[in-house]
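Order of the sequence lines fixes the chain letters, A, B, ..., with proteins taken first and strands second; residue numbering starts at 1 for each chain.
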Amino acid sequence: MSDSSKKIANEAEKAEDLKQQKANGNKLLIYLKKYGIIFALILLIVGISIAEPKFLNPTNIFNVLTQSSIYGIMALGMTLIIISKGIDLSVGSILAFAGIVAASLGQVSTATNKFFPNLGEMPVIVPILAALAIGAILGGINGGLIAYTGIPAFIATLGMMTMARGVTLMYTSGKPVTQLTPDFMFLGGKIGVIPVPVLIYALMAGITWVLLNHTSFGKNVYAIGGNIKAAEISGVNVKKNLLILYAFCGLMAAVAAIVFAGRVGSVHPGAAVGYELTAIAASVIGGTSFDGGIGTVGGAVIGALVLGVLRNGLTLLGVQAYWQQILEGLIIIVAVIIDMRKNSKKK
Amino acid sequence: MEEQKYLVEMKNILKNFPGVQALRGVDLNVGYGEIHALVGENGAGKSTLMKCLIGMHPPTSGQIFFEGNELNNYNTSDALKMGIAMIHQELSPVLHRSIMENIWLGREPKTKFGFVDHQKMYDMTKEVLKTINLDVDPKMLMVDLTIAKTQMIEIAKAISYNAKVIIMDEPTSALTKKEIVQLFGIMRQLKADGKSLIYISHKLDEIFEISDKITVFRDGKLIGTDNKEKFDVQSLIKMMVGRDVTEMFPKIDCEIGEIKLAVTGLSDTGGRFNDVSFNVRKGEILGIAGLVGAGRTEVIETLFGIRRKMSGQVMIDGKEIDIESPMDAIKNKMALLTEDRRLDGIFPSLTVFQNTIIANLRSYIKKNGLLDNTKALKDVNHYVEAIKIKTPSIFQRVENLSGGNQQKVLVARWLLTEPEILILDEPTRGIDVGAKAEIHRLITALAGQGKSIIMVSSELPEVMGMSDRIMIMHEGKVTGIIDNRKDLSQEEIMTFATGNSSANQAKM
Ligand SMILES: Nc1ncnc2c1ncn2[C@@H]1O[C@H](COP(=O)(O)OP(=O)(O)OP(=O)(O)O)[C@@H](O)[C@H]1O
Ligand SMILES: [Mg+2]
C-alpha cells in the first residue's frame, strides 16, 4: 500500500467511526420509536383510568383480556401471514364454520334444536378436534392455492372467505346452533378468577412466539416476506412453507372459534363477519408491516390489547358506538404512519 | 479417473428469452484456483450465463460440467450444495433480518429438540466472518450495513457453503477504493485456498489487476478467452465493442456563460454536510469528487428537495428560490439522476418506453389533454439508439433488461427532460466502456447547449475528463473547488478528498 492510499484508508475509517457515534446518539430516539406502541398502550390505559376509575377493576381488566382474546388469537396467525407479505381474509369465515361444526358436535343431549338428534353428548375433545381439523384444512387449501397456482393471497383468501361462509350457512340452513355442553362452555368460562380464554390466548401466543423465533419455519416466514428471491436462492422451500403458514393461520382461527363458541354458548352462521379486519388491525397496530419481513408476536398481542382497551374504555365512558369506530380507524392509521417512519431507511 | 483440468466447463450454451437470444452457443472453462474475468458490453449475456450455471435459468440447450460431472435439472439450492455460489449484481439480502440469519437462511443449526440454535449460529457466523477479517456483530440487521459490508456478508455466505467456485457479478460498482482493496485481498486469499472465482466487471483496470484469465463476450457470443497477459486495454475494448473507442472523454470546450445556480452555506438537518457553497454557470460541467460517504449524494439530494435543508441559500438566475420537494426542483427545470437505480429510479414492471418518458409527460400533453404518443415514441427511439440501450423492443419490461441497460434507461429519462440544470449521481455506474463514451458525449453536448451540469462520480478519470471545475468534498465539507487544468494529477485531487489540504484552499 502506498502512503497516500493508506491515508485515504484511515480517513475513510474515521468517517465511519463518526457515523457510528452519531448512530449511538440516536439510540434513545430509536428505542422510543421501537417501543412506542407500548407507551401508547400505557398512555391509553392511564388516560381511560383517570376518566373512569372503574376501568381498573380486576373484573373489568379480565373482561378486556377476554374480549381481546378472540381476535387476539386470530391476529397471531394473521401477523405471521402479513410478515410473509401475504394476507388472509378468510379467518372470519373459517371461525364461523369451525365454530358452528364444533357447536353442532358439542350440544347437550336435551337441546331443543339438536343438530344431530341421534348423537349423544360428546366429550368436549370431539368438537375441539373437529374445529381444529377444519381450520387447518381450509387454511391449508388457502396456502396450497397461493403456493402452487401462484394466485395472490388476497384473491385466494377472498374466495375462501366467501365459500366458507356459504358452506357455514348451508350447514345449518342458516340457523344458529345453541345449548352447548358445560364442558364446552367451560372453555369460555373461568378457573377461579382467571378467564379460560385468556389462558388459551396466552398459550397460543407462547406457541406462536416459539414458532416464529426459534424454528426454521419462523426464519423462513421472515425471509419470504423480506425477500422471496433471497429465500429461494438460499434453498428455502417457499411453497411448503406457505402451505404450513396458511394452515397455521386457519388453525388459529379454529382455536378462536372454540373460544368464541364457549364464551357465547352458541354459534350463528353469520358470526364473526369482519373479524378478519380486526385481526389485521391488531397486527398492524402492533407494528407488522405490509411491506413484509417485519413484525413480532409481542406486537400482535399489544395491538390486540390496544383495540380491547379502546373498545372497553370507550364503552365505559359512554362514548357512542359510532365514535368508537371512528377512533379505532384513526388509531390504525396513526399507528401505521408512526411505524413507517420507524422502518424507513433514509433520514 | 483422469485428472480434471477444469472445475467448471460450459459447452455451447444457448439461452433464449421471449424475443431475445441472450446466449448463442458460448463456452466457458474455469480452472481450479483461478480468477476468471468475464467482460463484455451491457447485455452481452454475462449475468445470464452465470444464472445458467447456478441453476436459476436453465439453458435452452448446452452442457454444463462441474468437477467433470454433467449437471442436469438442478436449482440454485442444489448448486449451492455442490459448491457453486453467486453474489448477484443486484444484491438481495433479507433486509430487516440479522447478518447471521441471512447467512444461515434455509439451513439454520438446530438443537436436539429441533429448535434453531441461536448461540451456535452466532458462533458459526463469527467464525466465517473471521475468515474474511470482518469484525461486525452477527446480530446486526442487514439494513444497517453499508453496501460494501453487505457485499462482504454475501461473500461470507458463499464461503460458508464451502463453495468451490464463487461468482461475483460487478461486486465493485458501489465500493470505495479502500473497500475494493479489501475485496481484492479476500479474493486473493480465496484463490490461495484453492477456490475458483468468476469475476464480472466493467472496470478494466481492476480486471487487469486481479484476474488470471479473461473471457470476452459480445452479443451472446464468445469472442475470445485467454490468459490476461495476452490482452491489453485497447485490444480488450476492441474485442468487447467490436470497434475502436478512441475517445473516452470527448469533452468539447464550450462557451461558459453567467452563473445559473448559486448555493451558499447549505447544511442539512441530518448533519451529513455543513456550510457547502458553490456555483455552476451556464454551459459548465461541475464535477463533484470525494470518497464515498463524503456527503456528495446528500448535498445534491438536499439541493433537489429530497432531504430537508437546515440552512443555506439557493439562487437560480440570481433569484432566491425555495426547494422543498423534488416537485419544486423539477418546476425550476432541474433534473436528478439518482445513484441507486434499484431504490429510487426504475419502475421494474413498466416498459422501457414508460420508464423513459415518465419524468417528461408534461411536455407530451396535446391540446386535447391526451398524450402525444407519436412524439414520445420518436424521442424514446432516438435515445435508445443514441446510447445503445439493448432491448428487443421499447415495450420490453425494464426488469428484463441487463443491469447496465437499466441504468441507461434512467440516463435517457433525465436527458429527455432537457433540464436547465442536470444533476448526475454516478451516471455511468455499471455501464460498459462504449456506452460510457456515448453518455459522456451526450453530457458534453448538453453543456454545449448552455445547460448547467453537476456530476458526482467516484471515478476520478471521469470527473477529470469531463469537468470544467471540480469540487472536492471530505466528511461533509467542501475542501476545495479547483479549475480542472489539464496538468492536475489524481494525487493532487486525492489530497483534497482526504481533507489534508486546508492550507491549500483553492479559490472559486
Ligand atoms: N428475464 C429476462 N427476460 C428477457 N430478457 C432477458 C432476461 N434476462 C436477461 N435478458 C436479456 O438477455 C440479454 C443479456 O442480459 P445479461 O443480464 O446477461 O447482460 P450482462 O452481460 O450481464 O449485461 P450488464 O453488463 O449490463 O449487466 C439482454 O439483452 C437482456 O435484455
Ligand atoms: Mg449483468
Side-chain angles (χ1 to χ4, degrees), chain A residues 1-23 25-26 30 83 210-238 241 289 291-296 342-347, chain B residues 54 56 75-78 80-81 86 88 90-97 101-108 110-111 113-118 142-144 146 157 176-179 181-182 268-272 291-295 301 306-308 343 474-476 491 494-495 497-500:
Chain A
M1 230 194 221
S2 78
D3 251 355
S4 79
S5 64
K6 231 185 239 160
K7 237 180 262 158
I8 299 167
N10 288 339
E11 291 297 333
E13 208 136 38
K14 251 197 242 155
E16 206 139 285
D17 286 347
L18 212 74
K19 237 190 266 168
Q20 198 60 47
Q21 282 168 15
K22 273 181 194 148
N26 283 337
I30 291 168
I83 290 173
V210 171
L211 205 59
L212 188 59
N213 294 293
H214 289 277
T215 67
S216 29
F217 169 71
K219 308 278 172 203
N220 292 344
V221 168
Y222 277 116
I224 290 170
N227 189 337
I228 193 164
K229 240 190 191 152
E232 271 164 1
I233 291 173
S234 305
V236 173
N237 188 336
V238 172
N241 279 287
S289 162
D291 284 342
I294 300 173
T296 58
K342 179 172 83 190
N343 294 328
S344 76
K345 208 176 154 187
K346 264 191 185 159
K347 287 158 264 182
Chain B
I54 63 162
M56 198 160 143
N75 59 29
T76 46
S77 71
D78 299 332
L80 271 174
K81 281 177 202 139
M86 174 156 170
H88 291 260
E90 318 292 357
L91 287 178
S92 58
V94 183
L95 280 180
H96 291 277
R97 296 272 94 198
E101 282 168 313
N102 266 277
I103 291 183
W104 302 102
L105 179 60
R107 54 194 176 120
E108 295 86 359
K110 304 272 171 63
T111 64
F113 303 110
F115 293 119
V116 173
D117 190 339
H118 284 104
M142 293 303 283
V143 67
D144 295 329
T146 59
K157 186 171 176 178
T176 61
K177 263 266 145 33
K178 177 201 170 198
E179 291 160 344
V181 169
Q182 206 178 342
D268 76 331
T269 50
R272 295 298 304 275
L291 302 173
V292 171
E301 282 187 353
I306 297 175
R307 288 168 180 273
R308 230 169 299 152
L343 228 55
H474 172 68
E475 287 187 0
E491 282 67 33
M494 281 325 290
T495 55
T498 51
N500 293 327

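- For the pair Tyr222(A) and Val94(B), the tightest heavy-atom approach, listed with the atom from each and the gap, is O-CG1, 3.9 Å.
- At a 4.5 Å heavy-atom cutoff, the contact between Leu80(B) and chain A is made by side-chain atoms alone.
- A 4.5 Å side-chain heavy-atom check between His88(B) and Ile233(A) finds at least one atom pair inside the cut-off.
- Taking both residues in full, the closest heavy atoms of Pro93(B) and Ala230(A) are given as C-CB, 4.5 Å, listed atom of the first, atom of the second, then distance.
- If you measure heavy-atom distances from Asn241(A) to chain B, you find no contacts under 4.5 Å at all.
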### Message
For Leu105(B) and Asn220(A): C-alpha separation, side-chain torsions, deciding distance, then whether side-chain contact (heavy atoms from CB on, under 4.5 Å) applies.
### Response
CA-CA 7 Å; Leu105(B) 179 60; Asn220(A) 292 344; 3.9 Å; yes
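- Of all non-hydrogen atoms in Ser77(B) and Gly235(A), the two that sit nearest each other are CB-CA, 3.2 Å.
- Ranked by heavy-atom pairs under 4.5 Å with chain B, the first of Gly293(A), Ser234(A), Gly292(A) is Ser234(A).
- Looking at Lys110(B), only its side chain comes within 4.5 Å of chain A, counting heavy atoms on both sides.
- Annotation: the span from Glu232(A) atom CD to Met56(B) atom CE amounts to 9.0 Å, rounded to 0.5 Å.
- Distance CG/Asn227(A) to CE/Met142(B): 10.5 Å, rounded to 0.5 Å.
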